[in-house]
Amino acid sequence: MSTRPLNIDPQNCFIGGAWVPPLGGQALDLRNPSDGTTLCQIARGDAADIDRAVGAAERALDGDWGRATAFERGRVLAKIGALVLENIDELAVLESNDVGKPLKQARADVVALARYMEFYGGAADKLHGQTIPYLEGYTVYTLREPHGVTGHIIPWNYPMQIIGRSVGAALAMGNACVLKPAEEACLTALAFAEIARQAGLPDGALNVVPGLGAEAGAALTKHPRVRHISFTGSVNVGKLIQETASAHVVPVTLELGGKSPQLVFDDADIDAALPFLVNAGIQNAGQTCSASSRILVHRSKFDEVVMKMAARYRDLRAGPALDDHDVGPLVSMRQKDIVESFIAQGHDLEIAARGEIVADAPAGGAYVTPTLFANVDPGHILAQDEIFGPVQVVIPFDDEDQAVAIANGTDFGLVASVWSQNGARQMRLAKRLRAGQVFINNYGAGGGVELPFGGSGLSGHGREKGFEALYGFSTLKTVAAFHGEDK
Ligand code: NAI
Ligand code: MG
């Protein structure tokens, strides 16, 4: 347990190293999706608060933060990571109550946040420029520089992990960040700001303005002095952000989810695959950008896989987050309605199995019964659209070409996995699958702070996570010095 409690007042914004009320004096209710009660009120920041935050970030860049060396930035990130771990109990409960995430998953997210800080802390002084052989009389080299003020608009499904991967990489490269967390869940973003303050992050290097997407989020995207935007969320808002950012020709990194398949071949070790097949679909109640919502199975193994997945589904229990069931509530009644309307669109399909909502689940909670559909046509809306709930579809295929065609046959391209013992097939498919990450005989690889992540098509563009993210969160300058020929 931490010796220094976090003591955040969520009705404030964190700007310039201080907790300040939003200028408009407005607040929003934050709900606990496990029972529908109001957890607390949060600040409803707007364009004026975003403008203040951008000003504070600019002052940080002109001051201590801008002057910090790469290793000093790394050191403070590592310290933030250590303090995150010290506060694991408090952070996990905040995230569980706010997101509805089962406590065990919330704890895993705290550990991931700490790992991002360690990773990017260690990486901060290891991204080197180049010297480039050029014309006689010249010395040419490159410098990696921060963009300046970076905007980070994050969703509610994995606040801590997404802060880790985007703010962590941006700070490592010396940017100053303005973070707009989601209105559905923003407590750990505020707690993270307090931890960063306690760790000695200079004032203004990180600013957090909670508020609505259409207000604070839109203001951040439109702000003329924000030099880079990273966004994780829905496809429609991603498109809007890219369009809005184009007004100032600001680069954007978009991570917009997917419809990620797992391909199970006739030579797969099905019992090894089974926990991954199901967990990748129901983790965080399916509200995961990289959720595996489509399971493609060779026809010779189809009945066996469906039967075994169905047995697991029948055991799945959805219940209050702090009780740590397999599945928590969805983040909100709105998300529950969206997911249930998807399930209703499967009325013509075969339901292989459903889990259960525990009997004592509070009536006001946003619970959805985990549902497995079998024999789904690849063109069906449930096999095409991101559902973002504990729902998976199983689709049969006859050969490798058909499997690839189905796997690549959506507008998304985020993650895919191949279950097969055949090495040549593994290599072929790793190339043929349209995805930013391909897993072979696993899925998700334990979170993978170190592994570059991002998609193509409607899944977005740009890469976060791993060392690769440092390139996106910085810009390259080429310096060509003419000093004349050697004497
Ligand atoms: P959303 O895209 O509306 O929200 C994500 C973030 O964007 C939030 O911080 C929100 O305040 C902000 N935002 C909303 N409108 C904005 C605007 N006009 N300008 C700037 N920022 C804005 O997503 P929502 O409504 O919470 O979820 C809807 C669907 O989006 C989900 O059902 C799911 O399919 C997808 N989604 C995907 C995520 C992923 O991890 N890729 C995360 C969250 C949602
Ligand atoms: Mg909430």
Side-chain angles (χ1 to χ4, degrees), residues 28 30-31 33 42-47 50 98-101 109 151-163 165-166 178-186 188-189 208-223 226 229-245 247 250 252-260 283-291 293 330-342 366 368 381-382 384-391 410-415 436 453-455 457-462 464-465:
L28 296 166
L30 197 67
R31 299 216 178 265
I42 58 163
R44 177 174 173 175
D46 62 16
I50 290 290
D98 203 357
V99 178
K101 197 182 280 267
D109 287 2
H152 304 258
I153 299 174
I154 67 164
W156 39 264
N157 55 343
Y158 288 84
M160 285 190 285
Q161 291 219 30
I162 298 172
I163 290 168
R165 74 188 192 200
S166 81
V178 178
L179 168 63
K180 207 300 280 175
E183 50 272 46
E184 294 86 352
C186 64
T188 52
V208 183
V209 180
L212 297 173
E215 295 174 1
L220 184 55
T221 319
K222 282 184 194 136
H223 200 289
V226 172
I229 298 277
S230 62
F231 170 76
T232 301
S234 63
V235 173
N236 284 341
V237 174
K239 288 179 184 171
L240 191 63
I241 283 178
Q242 178 159 338
E243 195 181 325
T244 308
V250 167
V252 292
T253 299
L254 301 178
E255 202 275 88
L256 310 178
K259 195 70 189 171
S260 299
Q283 179 181 316
N284 204 35
Q287 304 164 114
T288 304
C289 39
S290 56
S293 46
L330 299 201
V331 73
S332 63
M333 283 298 183
R334 179 178 148 246
Q335 285 299 123
K336 172 182 152 83
D337 290 345
I338 294 174
V339 171
E340 285 183 340
S341 75
F342 270 115
V368 169
I381 186 167
L382 295 192
Q384 285 289 321
D385 284 21
E386 181 174 61
I387 299 173
F388 236 55
V391 180
T410 74
D411 295 329
F412 296 98
L414 193 59
V415 175
F453 176 72
L458 290 190
S459 293
H461 52 77
E464 293 190 311
K465 304 176 68 165

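As the structure lists them, so they are numbered: ligands from 1, and atoms in each ligand from 1.
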Please indicate, with yes or no, if any protein heavy atom is found under 4.0 Å from atom 4 (O) of ligand 1?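 No.
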At under 4.0 Å between heavy atoms, is it the side chain or the backbone of Gln335 that contacts ligand 1, or both, or neither?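 Side chain only.
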Mode of Arg334 contact toward ligand 1 - side chain, backbone, both, neither (heavy atoms, under 4.0 Å):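 For Arg334, only side-chain atoms sit under 4.0 Å from ligand 1.
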Under 6.0 Å from the ring centre and within 45 degrees of the ring axis: does the NZ or CZ of Lys101 meet both conditions for the six-membered ring of Tyr158?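 The answer is yes, since Lys101 meets both limits relative to Tyr158.
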Do any N or O atoms from the side chain of [X] and from the backbone of [Y] form a donor-acceptor pair under 3.5 angstrom?
X	Y	answer
Ser459	Leu256	no
Thr253	Ser230	no
Lys180	Gly211	yes
Lys259	Asp385	yes

Flag side-chain contact, heavy atom, 4.5 Å: [X] against [Y]:
X	Y	answer
Glu255	Leu414	yes
Met333	Arg31	no
Phe453	Val415	yes
His223	Val178	no
Val252	Thr221	no
Gln335	Glu184	no
Phe231	Val237	yes

Considering only protein heavy atoms, which is closest to [atom], and at what distance to one decimal place?
atom	value
atom 34 (O) of ligand 1	Glu386 OE1, 2.7 Å
atom 13 (N) of ligand 1	Gly213 CA, 3.3 Å
atom 8 (C) of ligand 1	Ile154 O, 3.5 Å
atom 7 (O) of ligand 1	Phe231 CE1, 3.2 Å
atom 44 (C) of ligand 1	Phe388 CE2, 3.7 Å
atom 1 (P) of ligand 1	Ser234 OG, 3.6 Å
atom 10 (C) of ligand 1	Glu183 OE1, 3.5 Å

Counting heavy atoms only, which of [options] comes nearest to [atom]?
atom	options	answer
atom 42 (C) of ligand 1	Gly151, Ala216, Gly460, Pro155	Pro155
atom 18 (N) of ligand 1	Leu179, Leu240, Leu220	Leu240
atom 12 (C) of ligand 1	Val339, Asn236, Ile153	Ile153

To check you understand the geometry: which heavy-atom pair defines the closest contact between Phe388 and Gln287, and what is its length?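 The pair with the smallest heavy-atom distance is O-CG, 3.5 Å.
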Numbered atoms and elements of ligand 1 in range of [X], under 4.0 angstrom, heavy atoms:
X	result
Gly217	19 (N), 20 (C), 21 (N)
Leu256	41 (N)
Gly257	41 (N)
Cys289	39 (C), 40 (O), 41 (N)
Glu255	41 (N)

Any heavy atom of Asn157 sitting closer than 4.0 Å to ligand 1?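 Yes, Asn157 has heavy atoms under 4.0 Å from ligand 1.
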Min N/O separation [X] to ligand 1 under 3.5 Å:
X	answer
Thr232	no
Trp156	yes
Val237	no

